[in-house]
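Atoms within a ligand are numbered from 1 in the order they appear, just like the ligands themselves.
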Amino acid sequence: MTTIILKPHKEESLKRFHPWVFSGAIARVVLDASHKAAEPEEGEIVCVQSSSNEVLGVGHWQIGSIAVRILEFGVSELPADYWAQRIRAAYRVRETLGLIRPDNNTFRLIHGEGDFVPGLIIDVYADTAVIQAHSVGIHCCRAEIAKAVAKEVPQVKNVYYKSDDTLPFKAAIEGEKVGYIIMANGERANGEGDEFWSKENGLAFRIDWLRGQKTGFFIDQRENRALVERYAAGKDVLNMFCYTGGFSLYALRGGAKSVDSVDVSQKAIDLVNANVEHNFPKAKNHTAVTADAFDYLSEQRAAGRQFDLIILDPPAFAKHRDAIKNALRGYQRINAKAIEMIRPGGILFTFSCSQAVDKEAFRLAVFSAAAQVGRKVRILHQLHQPQDHPINIYHPEGEYLKGLVVYVE
Ligand code: SAH
């Protein structure tokens, strides 16, 4: 195996279980005999040692400023059943959290560094697990991971791999980036003829991992959707950036007077309609609209519409640190538009899933929005990502979702 020797003192963060080795921390790379090139291959498993040759751990080599992502600390090789061990441990946590129930078979099984597996996301939808790789190393291990998931998670019969948008853009990658790795039901190869229904807190969602966004669904809003249900009774609700209607279904179950769902994607709106029809076949108080959020809010405001409860869950406005300023402006603008349309005594649920925008910056954007439109606003809840998206305490970069629930006078 290739060995990576660090510069003096650069072992300290690894000893505190931070899982990344930056390229600047490396003194030397000792290649094993199998190498023809002068560098390790991207995705290769390497052993990391301190300047005094103390073994620090084993991880995946990658090209870029993060050179190694550690899979296991304090060992010089991975145990033979490494993937099964990790998946079993993660599954046990979800069981402890009470997320595996007949009325809830939708959960995140592996949340990257938060489950001590850098670069790996696994979401479970009823009998199907969707694997997403964020590193070439994980891509290379996809077959072993799929096998371990099918073996360790009782409900899983199919494993779909979906990494076309998440693997490093420039990497030389062998093998398919999308497709079923394990399939119990032959029909699913086409993505046709099957009803992919999965349950979250007793509500059924049609999940389209083949054509949908991310792994097919935003599991990370589960707890926040349940909070909307608590406040929805008798209210006119507007769910902006609704995707497949997660918040809308909870609002309907909570007894909302009306629910309007808005998204720019027609495919998402088709799924919202299918989801509402399936769960509330008699509902006459739901409307789904395909529109740009900024345009929609301006038009509705011009028409004098108002709501009692608005949900704003936009996509990440800042994908990188250098986009933070524009992102904050975007958050301020959309929040100002929403706050303006809330009836006195109404509630706004507002979110940011940009990792680069921290809690304080986001709160400042919402503050600026409230001040801009001259409404008195109080914070009722401060929200975050749920328990199946844990934050590794040694890797605070894993915190990304934040939300505020505010009461608008
Ligand atoms: N709240 C959703 C997840 C939202 S993800 C849930 O609970 O599942 C963000 C959504 O914003 C995506 O569905 C995307 O299609 C939509 N979107 C992106 N830009 C948009 C825009 N300018 N106007 C309206 N919707 C937009």
Partner of Asn201 by side chain to side chain donor-acceptor pair (under 3.5 Å), out of Arg253, Arg101, Glu229, Arg225: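 Between Asn201 and the candidates, side chain to side chain donor-acceptor pair (under 3.5 Å) is satisfied uniquely by Arg101.
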
Result of checking Arg92, Arg94, Arg86 against Asp115 for salt bridge (Lys or Arg N to Asp or Glu O under 4.0 Å):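 Filter result, single survivor: Arg94.
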
Pairs where residues 135-144 contributes a residue and the test salt bridge (charged side-chain N to carboxylate O under 4.0 Å, His left out) is met, not counting sequence neighbours: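 Checked against salt bridge (charged side-chain N to carboxylate O under 4.0 Å, His left out) - neighbours excluded - no pair reaches residues 135-144.
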
Lys162 side chain to Thr215 side chain, donor-acceptor N/O pair below 3.5 angstrom: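 The criterion, which ignores hydrogens and geometry beyond distance, is not satisfied for Thr215 and Lys162.
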
For ligand 1, the residues whose heavy atoms come within less than 4.0 Å (ordered by chain, then number):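 Heavy-atom contacts below 4.0 Å: Gln213, Phe218, Arg225, Phe241, Cys242, Tyr243, Phe247, Asp263, Val264, Ser265, Ala291, Asp292, Ala293, Asp313, Pro315.
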
Parallel, tilted or perpendicular, as decided by the 30° and 60° cut-offs, for the rings of His278 and Trp197: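 Trp197 and His278: parallel rings.
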
Aromatic ring pairing Phe217/Tyr125, orientation class (parallel under 30°, perpendicular over 60°, tilted between):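 If you compare the ring of Phe217 with that of Tyr125, the planes turn out perpendicular.
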
